Chemist: 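Quick one: structure below, then a few questions.
Treat the numbers as computed from the prediction; the structure is a model and nothing was measured.
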Amino acid sequence: MDGLGRAEQAAVERVNALLELLPPALDRHLAPTGLTLFEITLLGRLHASAQRRLRLTVLAARTSATLPRLSRVVTRLERRGLVVRRPCEEDARATNALLTDAGAAAYERAQLTYHAVVRDLILGGLSAQDVERLGMLAHTLVSRLEPQEPARAQGGAARQPWEPASGGAGSSSRTARGVTGPG
């Protein structure tokens with residue numbers, strides 16, 4: 001096949017438009033929370049983790065970020081008292097990010113706004129079946145792009161944030177983690 005067909009080209013152009021338009025629109029709508037979408041996602045991953053703590057390398061994988069980007073954002077959140085860095089007790093070479101009480105409170109306060117924005121900008125007007133299809137399509141695309149998380153590469157059972165928490169292909173949890181919430 002030489003080039004993209006008409007339907008393929010239209011689909012790719014729509015995905016490109018979505019990738020350009022959605023992140024800044026979400027951040028604009030989330031501005032009243034004082035947090036960006038990425039910051040809410042990062043705080044959410046820490047909030048959901050054991051003891052509200054993750055190694056920076058694992059946190060980078062779970063937020064689909066490079067380690068340098070994650071480090072810059074963690075530094076910004078540290079300055080605001082929402083996160084602190086601590087040496088990893090299990091591995092002296094590693095550093096953990098720890099969610100502070102202020103960070104947990106900021107994350108929890110942001111959730112109502114986040115959910116309203118996601119329902120408005122992403123899920124609004126979609127049927128339950130459309131949401132399920134959206135989750136499945138997003139999962140298919142992301143699973144081809146996302147590098148393995150370090151714990152999984154070492155044989156661990158860590159799950160990516162966009163993967164279903166449990167259940168099979170028909171499970172409604174498929175959309176619940178990756179589409180409707182960062183944490």
Chemist: Donor-acceptor check, side chain of E132 to backbone of Q129, threshold 3.5 angstrom: yes or no?
Modeler: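 Not a single qualifying donor-acceptor pair exists.
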
Chemist: Can you tell me how far apart CG (L70) and OG1 (T63) are? Round to the nearest 0.5 Å.
Modeler: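 Rounded to the nearest 0.5 Å, the CG-OG1 separation comes to 5.0 Å.
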
Chemist: To the nearest 0.5 Å, what is the distance between CD (E8) and CD (E13)?
Modeler: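 Atom-to-atom, E8:CD and E13:CD are 12.0 Å apart.
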
Chemist: Around E90, counting heavy atoms of other residues, nucleotides and ligands shown, do more than 12 lie under 6.0 Å from its CD?
Modeler: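 Enclosed: over 12 neighbouring heavy atoms sit under 6.0 Å from CD of E90.
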
Chemist: Any non-hydrogen side-chain atom of R133 less than 4.5 Å from a side-chain atom of L126?
Modeler: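 The answer is no, as the side chains (C-beta and beyond) never meet within the 4.5 Å cut-off.
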
Chemist: Quick one: is the NZ or CZ of R119 closer than 6.0 Å to the six-membered ring centre of Y114, and within 45° of its axis?
Modeler: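 No.
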
Chemist: I'd like to know if the side chain of D120 and the backbone of V117 have a donor-acceptor N/O pair within less than 3.5 Å.
Modeler: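 Pair absent, no side-chain N/O of D120 close to backbone of V117.
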
Chemist: So, for R69 and A65, which heavy atoms are closest and what is the spacing to 0.1 Å?
Modeler: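 Of all heavy-atom pairs spanning R69 and A65, the closest is CD-CB, 4.3 Å.
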
Chemist: Is there a donor-acceptor pair under 3.5 Å between the side chain of S71 and the backbone N or O of P68?
Modeler: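 Answer holds: no.
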
Chemist: Drop me the distance from R80's CZ to T100's OG1, to the nearest 0.5 angstrom.
Modeler: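 The CZ atom of R80 sits 10.5 Å away from the OG1 atom of T100.
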
Chemist: If you group Ile, Leu, Val, Met, Phe, Trp and Tyr by side-chain heavy-atom gaps below 4.5 Å, do L137 and L18 land in one group?
Modeler: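 Cluster IDs for L137 and L18 differ.
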
Chemist: Do the side chains of L99 and V84 join up, straight or via other hydrophobic residues, at under 4.5 Å, putting them in one cluster?
Modeler: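 The answer is no; the residues belong to distinct hydrophobic clusters.
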
Chemist: Between L134 and I122, does a side-chain contact (heavy atoms from CB on, under 4.5 Å) hold up when you go through it step by step?
Modeler: CA-CA 10 Å; L134 176 62; I122 300 173; 4.1 Å; yes

Chemist: Is a side-chain donor or acceptor of T113 paired with a backbone partner of T33 at a separation under 3.5 angstrom?
Modeler: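 Not at all, since once roles are kept as given, no pair shorter than 3.5 Å links the two residues.
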
Chemist: Drop me the distance from R62's CZ to R55's CZ, to the nearest 0.5 angstrom.
Modeler: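 Here the interatomic distance stands at 11.5 Å.
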
Chemist: Supply the atom-to-atom distance L43 CG to L35 CG, rounded to the nearest 0.5 angstrom.
Modeler: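 If I round to the nearest 0.5 Å, the distance is 6.0 Å.
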
Chemist: State plainly whether one hydrophobic cluster holds both L21 and L121, where clusters connect Ile, Leu, Val, Met, Phe, Trp and Tyr through side-chain heavy atoms under 4.5 angstrom apart.
Modeler: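 No, separate clusters.
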
Chemist: Quick one: does H29's side chain have a donor or acceptor within less than 3.5 Å of a partner on A25's backbone?
Modeler: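 Checking the backbone N and O of A25 against the side chain of H29, a donor-acceptor pair under 3.5 Å is found.
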
Chemist: Does the side-chain contact (heavy atoms from CB on, under 4.5 Å) test come out yes or no for R85 and T75, once each step is laid out?
Modeler: CA-CA 9 Å; R85 292 178 211 240; T75 297; 2.5 Å; yes

Chemist: First locate atom CG of L82, then atom CG of D101, and finally report the distance between them rounded to the nearest 0.5 Å.
Modeler: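 Reported value, rounded in 0.5 Å steps: 11.0 Å.
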
Chemist: Keeping N96 on the side-chain end and L98 on the backbone end, is there a donor-acceptor pair under 3.5 Å?
Modeler: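 Absent.
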
Chemist: Counting C-beta onward and ignoring hydrogens, is there a side-chain heavy-atom pair between E39 and Y107 closer than 4.5 Å?
Modeler: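 Result no, sub-4.5 Å side-chain heavy-atom pair not found.
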
Chemist: Okay, side chain of D27, backbone of T36: is any donor-acceptor separation there less than 3.5 Å?
Modeler: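 Absent.
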
